[in-house]
Amino acid sequence: MLAPDAISNQEPTGYVGRFAPSPSGPLHTGSLVCALASFLDARHNRGVWLVRMEDIDPPREQPDADKLILDCLTAHGLEWDKTVLFQSQQTEAYKTALAQLSEKALSYRCNCTRARLKSLKGRYDRHCIDHPPSKDEPAAVKLNLPKVLATLKHHSTTQLNTFIDGILGQQYEKLQQSDDFVIHRKDGLFAYQLAVVVDDIAQNISHVVRGADLLSTTIKQQLLFFLFGAKPPAYSHIPLITDTNGNKLSKQNHAPAVNTGTPEKNLIKACRLLYLSNDHSDYSNLHQSSVNDILTWATQQWNIKQLAKQSAAVQSTFTEDEP
Ligand code: GLU
Ligand code: ZN
């Protein structure tokens, strides 16, 4: 097996991965597991690993969460390559992307209220295409899906509507029946779907390893890649971690912040949750190890195929078992 030094001296492999947290709070066990999975996949494949702070939704952000997240990654030895990209610094790129789509008439403004959209109880009736809001009225910008699909006629329906997830296997969404989705919000904020793709393209991301809570966003993101003439990354989604009551561990559910004072213990727990070994003695042997030794072991053990097999066996019900 290669030691970390030998790994960094190898030729670049073209693999570029990233962890892209939103600073809505400190990392909890679930997000630490996702960060570790993305890091290990990059390091195991001798790739570059980036961190991008997705800080373009101030109402959902917590002051200092960006610093807490970066300090937490550092405490766990999850050291990123290059400087952290802050989405709040990228607004020109998002504006350019929005302008391109608007110039090609692939987007339109919609000022329907939430109540109106809800009252439709099903698909959006695309009212605002024929009744565009006036220029000075606040409005969301939506992608005109039928037009986009017509533009991408040279792609097969299978290519557009499916992808093979590295862990969860083939995924499908019939875009022809999906609602037009928001790329610029009515409150003036850039939509996650647009920003994430613009940045993944700008950063040459080749592999995305992230939580399964984002699985349902992926086919639409892949579509934006095709639309911008870029190759979509390979996606792998980590089954969500639940607490012992089956609740998803998330900031919304008030999952507790990771204790940065016990990085070794947290890493060992995260390694267990990622099924890095079936041999329990491997984990007990790690109890005296340093953060770097744990990461070196974990990088060697990382096996996304094994994770896929194990997660299929437990049908995505990762349960956090206390050590
Ligand atoms: N910022 C997103 C989140 O924290 C993740 C984006 C991504 O990995 O694509 O949920
Ligand atoms: Zn509308």
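Remember, predicted model here, so these are calculated numbers, not experimental data. Counting starts at 1 for both ligands and their atoms, in listed order.
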Over 60° means perpendicular and under 30° means parallel, so classify the ring planes of Phe225 and Tyr235, tilted if in between. perpendicular
Taking 4.0 Å as the limit for heavy-atom contacts, which would you say applies to Val208 with ligand 1: side chain only, backbone only, both, or neither? neither
So, 4.0 Å and heavy atoms of Arg18: is ligand 1 close enough to count as a contact? yes
Heavy atom of Phe19, distance to ligand 1 below 4.0 Å: no
Residues passing the side chain to side chain donor-acceptor pair (under 3.5 Å) test with Tyr283, sequence neighbours excluded, are none
Polar protein atoms near the Zn ion (ligand 2) [N, O or S; cut-off under 2.8 Å]: Cys110 SG, Cys112 SG, Tyr124 OH, Cys128 SG
Against heavy atoms of Arg210, which atoms of ligand 1 measure under 4.0 Å? 7 (C), 8 (O), 9 (O)
Looking only at distances, can you tell me whether any N or O atom of Ala20, backbone or side chain, sits closer than 3.5 Å to an N or O atom of ligand 1? yes
Tyr192-ligand 1 polar pair, N/O distance under 3.5 Å: yes
State which residues pass salt bridge (Lys or Arg N to Asp or Glu O under 4.0 Å) with Asp165; sequence neighbours excluded, sorted by chain then number. none
Given the ring of Tyr275, does Lys309 sit roughly above its face, with NZ or CZ under 6.0 Å from the centre of the six-membered ring and within 45° of the axis? no
Hey, are the side chains of Ser102 and Ser107 touching, using non-hydrogen atoms and a 4.5 Å cut-off? yes
How are the rings of Phe19 and Trp49 set to each other: parallel, tilted or perpendicular (split at 30° and 60°)? parallel
Taking both backbone and side-chain atoms of Ser22, is any N or O found less than 3.5 Å from an N or O belonging to ligand 1? yes
Counting from 1, what ligand 1 atoms have a heavy atom of Val196 closer than 4.0 Å? 9 (O)
Ignoring hydrogens and angles, tell me if any N or O in the side chain of Lys186 forms a donor-acceptor pair with the backbone of Asn111 under 3.5 Å. yes
Looking at residues at least two apart in the chain, or sitting in another chain, which of them share a salt bridge (Lys or Arg N to Asp or Glu O under 4.0 Å) with Lys67? Asp71
Please examine the side chains of Thr296 and Ser289, heavy atoms only from C-beta on, and report whether any two atoms are closer than 4.5 Å. no
Please walk me through it: do Asn161 and Thr157 pass side-chain hydrogen bond (donor to acceptor under 3.5 Å, both in side chains)? CA-CA 6 Å; Asn161 288 347; Thr157 315; 5.6 Å; no
